[in-house]
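I have placed the structure first, in the form of structure tokens, so that the comments after it can refer back to it.
As the structure is a computational prediction, the values presented were derived from the model and not from experiment.
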Amino acid sequence: WVEEEAPDVLCLQETKCGVSTVPPEVRALPGLPHQFWASAEGRPGYSGVGLLAKTEPLNVTYGIGDPEHDADGRVITAEFPSLFVVSAYVPNAGRGLVRLEPRLRFDTAFLAFLQRLDAQKPVLLCGDLNVAHAEIDLCHPRANRSNPGFTPQEREGFTRLLGAGFVDSFRHLYPEARGAFTFWTYLGGARARNVGWRLDYAVLSQRLLGSLCDSKIRSTVAGSDHCPITALLAV
């Protein structure tokens, strides 16, 4: 699928592997020779993100400059001539919301990080942000108001992101689209019934809107409990 899609930049989240254990078929992906990986320190099989690029970035950084979160390997940022591309895996609040407070601290620190980038050049944030922002973004909003990914606090964090000069590219283009989900639990045949959540986003600086051609959810692509999304920009 990646070869058919032929992206200029491929962002991966929850890779659960360190640099030394990236599968050889990923290493050998044609057209994506510049590969960057982050993993959780001392926690094999946890978290992790990747960023693969057709052309070499001007610069690549890891983390958001916050010691509480950077050891988890959640963020890679690649600088290109016209924009920053950020691959991010936002923490899950956890069953019973046991990790809600650390998640909210991450949201605050991450927004400050994105604003620092945006002050230099436009930003395209791609990743699993572990929040369904509005009721339209999940199948059963009423039953999930106290569940991780749809708490008022997490949703407000995403609202603050949008209020800080960023745009949810899919919802900007398709404000009324229903049943547009990117995650389905493996339980109960949820994907076949499209009982899902939209947790994966391409968020961009407002001044990139003129370059936004489309934002697609590739819901027929199998291989994970998430599906890929594709942002198409003319930059």
Would you check, one step at a time, whether the test side-chain contact (heavy atoms from CB on, under 4.5 Å) holds for Leu52 with Leu29? CA-CA 9 Å; Leu52 292 71; Leu29 277 171; 4.1 Å; yes
Quick one: pull up CZ in Arg116 and CG in Leu114 and give me the separation to the nearest 0.5 Å. 9.0 Å
Other residues, nucleotides, ligands: >12 heavy atoms within 6.0 Å of Glu25 CD: yes
Evaluation steps, side-chain contact (heavy atoms from CB on, under 4.5 Å), between Arg198 and Leu138: CA-CA 6 Å; Arg198 191 169 71 96; Leu138 73 166; over 6 Å; no
Is any side-chain heavy atom of Arg218 closer than 4.5 Å to one of Thr230? yes
Membership question, hydrophobic clusters at under 4.5 Å side-chain separation (ILVMFWY): are Val60 and Val85 in the same one? yes
Distance check, rounded to the nearest 0.5 Å: Leu232 atom CG versus Ser211 atom OG? 12.0 Å
Pair Phe84-Leu58, side-chain contact (heavy atoms from CB on, under 4.5 Å): steps then yes or no: CA-CA 10 Å; Phe84 290 103; Leu58 301 175; over 6 Å; no
With heavy-atom distances below 4.5 Å as the criterion, would you say the side chains of Val86 and Leu124 are in contact? no
What one should report as the nearest heavy-atom pair of Val221 and Trp1 is CG2-NE1, 3.2 Å
I would like to know whether Trp184 and Asn194 meet side-chain hydrogen bond (donor to acceptor under 3.5 Å, both in side chains); could you show each step before the answer? CA-CA 7 Å; Trp184 306 262; Asn194 199 29; 2.9 Å; yes
Are Leu209 and Phe170 linked, directly or through intermediate hydrophobic residues, by side-chain heavy-atom contacts shorter than 4.5 Å (ILVMFWY only)? yes
Is the backbone N or O of Gly65 less than 3.5 Å from a side-chain atom of Asp70, with the two atoms forming a donor-acceptor pair by type? yes
Separation of Asp168 CG from Phe166 CZ (nearest 0.5 Å): 13.0 Å
Ser39: which residues meet the side-chain contact (heavy atoms from CB on, under 4.5 Å) condition with it, sequence neighbours left out? none
Once ring-ring contact (aromatic ring centres under 6.0 Å, His included) is applied, do any residues pair with Tyr201, and if so which ones, sequence neighbours excluded? Phe158
Out of curiosity, does Leu161 fall in the hydrophobic cluster containing Val167 (side-chain heavy atoms, cut-off under 4.5 Å, transitive links)? no
Counting only N and O atoms by type, is there a donor-acceptor contact under 3.5 Å from the side chain of Arg103 to the main-chain atoms of Asn92? no
Nearest heavy-atom pair of Cys227 and Ile217: which atoms, and what distance? SG-CG2, 3.6 Å
On a heavy-atom basis, which atom in Val90 and which in Asn130 lie closest, and how many Å separate them? O-ND2, 2.8 Å
Going through the checks in order, is the salt bridge (Lys or Arg N to Asp or Glu O under 4.0 Å) test met by Lys16 and Glu14? CA-CA 5 Å; Lys16 298 185 177 182; Glu14 202 174 2; 3.8 Å; yes
Heavy-atom check, side chain of Asp66 versus side chain of Phe110, under 4.5 Å: no
Looking only at atom types and distance, does a side-chain atom of Gln13 sit under 3.5 Å from a main-chain N or O of Gly48, one as donor and one as acceptor? no
Which heavy atom of Tyr89 sits nearest to which heavy atom of Ser47, and what is that distance? CD2-OG, 3.5 Å
Are Thr55 and His34 close enough that a side-chain donor and a side-chain acceptor fall under 3.5 Å? no
Looking only at heavy atoms, the pair that brings Asp225 and Tyr186 closest together is N-OH, 3.1 Å
Please table the atom pairs, donor to acceptor, closer than 3.5 Å between any side-chain atom in residues 140-153 and protein atoms at least two apart or in another chain.
{"residue": "Asn144", "atom": "OD1", "partner": "Asn147", "partner atom": "ND2", "Å": "2.9"}
{"residue": "Asn144", "atom": "ND2", "partner": "His140", "partner atom": "O", "Å": "2.7"}
{"residue": "Arg145", "atom": "NH1", "partner": "Glu135", "partner atom": "OE2", "Å": "3.0"}
{"residue": "Arg145", "atom": "NH2", "partner": "Glu135", "partner atom": "OE2", "Å": "2.7"}
{"residue": "Thr151", "atom": "OG1", "partner": "Glu154", "partner atom": "N", "Å": "3.2"}
{"residue": "Thr151", "atom": "OG1", "partner": "Glu154", "partner atom": "OE1", "Å": "2.7"}

Contact check, side chains of Tyr174 and Asp214, non-hydrogen atoms, under 4.5 Å: yes
Looking at side-chain heavy atoms only, is the closest gap between Val49 and Leu51 below 4.5 Å? no
Would Arg207 and Asp118 pass as an ion pair if we require N to O under 4.0 Å? yes
Can you check whether Leu32 reaches Asp8 side chain to side chain, under 4.5 Å on heavy atoms? no
Between Phe80 and Val235, is a side-chain contact (heavy atoms from CB on, under 4.5 Å) present by the stated rule, with each step listed? CA-CA 10 Å; Phe80 294 96; Val235 295; over 6 Å; no
Test item: His133 and Leu199 side chains (from C-beta on) under 4.5 Å apart, heavy atoms: no
Is the side chain of Ser169 donor-acceptor paired with the backbone N or O of Ser215 at a distance under 3.5 Å, no angle test? no
Please enumerate all residues that pass side-chain hydrogen bond (donor to acceptor under 3.5 Å, both in side chains) together with Thr77, with sequence neighbours excluded. none
Under-4.0 Å salt bridge between Asp128 and Arg74: no
May I ask whether Leu208 and Leu173 are part of the same hydrophobic cluster, defined by side-chain heavy atoms of I, L, V, M, F, W, Y residues being less than 4.5 angstrom apart, directly or through others? yes
Sidechain-backbone polar pair: Thr182 side chain, Asp200 backbone, donor-acceptor under 3.5 Å: yes
Side chain to side chain, Trp197 and Phe181, heavy atoms closer than 4.5 Å: no
Is Asp137 salt-bridged to Arg171, cutoff N-O under 4.0 Å? yes
Is Leu204 reachable from Ile229 through a run of hydrophobic residues whose side-chain heavy atoms are each under 4.5 Å from the next? yes
Sorted by chain and number, sequence neighbours left out, side-chain hydrogen bond (donor to acceptor under 3.5 Å, both in side chains) with Lys121 holds for Glu79
Kindly write out the residues that satisfy side-chain hydrogen bond (donor to acceptor under 3.5 Å, both in side chains) with His69, not counting sequence neighbours, or none if the list is empty. none
Closest contact, heavy atoms only, Ala88 versus Leu125: CB-CD1, 3.8 Å
Here the gap from Glu156 atom CD to Asp107 atom CG, rounded to the nearest 0.5 Å, amounts to 10.5 Å
